Amino acid sequence: YPFHDDERDKFFIRHLLVEKPYMAAYGSKGKEWTSFLNQMRVVQISDGSFPFATIAKWRTLSDRFDQYMKHTREKQRIAQYKSGTDDEEPPNEVECGLEDMLEEFESFSHEQQLGKVSAAKRRKVEADQ
C-alpha cells in the first residue's frame, strides 16, 4: 500500500470503517458521501491540521476509497502467488482494516446486484400476469 503510511490516510481509513459511506443504498451514494465529507472537514488530526477542510467534492473521497479497494484487491491477488514464502510480512492495522472494508464492500455490492436481479425478475413475473 503506497499510501497508508500517511497519517491523513490512516485517519481517513479509520473513519471509513466506522461511517461506511461506501455502503450507501442505491440512489443515495452522493448524499452519503457528502455527509461523510462534511464530517471529515471539521476533524482535526494529531498535528493540529484539518486535512479534509479544503476538499470541495464528495467524489474526491469516493475516488480515494476506490483507490484503496483497487490496491487491496491487487495485494490480495499477488499474495495468492506468494503464499508460504519467507518474505511475507503480517498485515498491519491499516492493511487489516482495508481487507475488512473490501470484503464488506464486495459483499454489499453482490447483495445489491442480487437485489436488482430479483427486482427485475419480480417485475417480469408481474408483467406476465
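The basis for the numbers below is simple: all heavy atoms, side chains too, and nothing from hydrogens, waters or symmetry mates. Predicted model, so just to flag it, every value in this text is computed and none were measured.
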Check whether any side-chain N or O of S107 sits under 3.5 Å from a backbone N or O of E104 as a donor-acceptor pair, and report yes or no. no

Check: S28 side chain, A24 main-chain N or O, donor-acceptor pair, under 3.5 Å: no

With a sphere of 6.0 Å drawn around CD of Q44, does it hold more than 12 non-hydrogen atoms of other residues, nucleotides or ligands?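 Atom CD in Q44 is packed in, count exceeds 12.
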
Salt bridge between [X] and [Y], side-chain N to carboxylate O under 4.0 Å?
{"X": "E99", "Y": "K75", "result": "no"}
{"X": "E32", "Y": "K20", "result": "no"}
{"X": "R77", "Y": "E74", "result": "yes"}

Looking at every non-hydrogen atom in both residues, tell me the closest pair between [X] and [Y] and how far apart they are.
{"X": "P51", "Y": "S49", "value": "CD-O, 3.3 Å"}
{"X": "V42", "Y": "Q39", "value": "CG2-O, 3.3 Å"}
{"X": "L61", "Y": "F36", "value": "CD1-CD2, 3.9 Å"}
{"X": "E7", "Y": "I45", "value": "OE2-CB, 3.8 Å"}

Just do the side-chain contact (heavy atoms from CB on, under 4.5 Å) check on M101 and M69 with the steps written out, would you? CA-CA 8 Å; M101 195 182 316; M69 297 300 95; 3.9 Å; yes

Could you state the interatomic distance from [atom1] ([X]) to [atom2] ([Y]), rounded to the nearest 0.5 Å?
{"X": "L37", "Y": "S62", "atom1": "CG", "atom2": "OG", "answer": "11.0 Å"}
{"X": "T54", "Y": "R41", "atom1": "OG1", "atom2": "CZ", "answer": "9.0 Å"}
{"X": "K57", "Y": "T34", "atom1": "NZ", "atom2": "OG1", "answer": "11.0 Å"}
{"X": "L98", "Y": "L16", "atom1": "CG", "atom2": "CG", "answer": "8.5 Å"}
{"X": "D100", "Y": "E103", "atom1": "CG", "atom2": "CD", "answer": "6.5 Å"}
{"X": "D66", "Y": "F105", "atom1": "CG", "atom2": "CZ", "answer": "6.5 Å"}

Evaluate the side-chain proximity of [Y] to [X]: yes if any heavy-atom separation is below 4.5 Å, no if none is.
{"X": "M23", "Y": "K29", "value": "no"}
{"X": "Y68", "Y": "D9", "value": "yes"}
{"X": "M40", "Y": "E19", "value": "no"}

Between F108 and Y22, is the ring centre distance below 6.0 Å? no

Tell me, with the steps shown, if F52 and R8 meet side-chain contact (heavy atoms from CB on, under 4.5 Å). CA-CA 9 Å; F52 304 96; R8 181 178 119 154; 3.5 Å; yes

Does F50 belong to the same Ile/Leu/Val/Met/Phe/Trp/Tyr cluster as I13, with side-chain heavy atoms less than 4.5 Å apart forming each link? no

Would R64 count as a cation-pi partner of F12, with NZ or CZ less than 6.0 Å from the six-membered ring centre and within 45° of the ring normal?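 Here R64 fails the 6.0 Å and 45° test against F12.
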
Is the H15 ring parallel, tilted or perpendicular to the F11 ring (thresholds 30°, 60°)? tilted

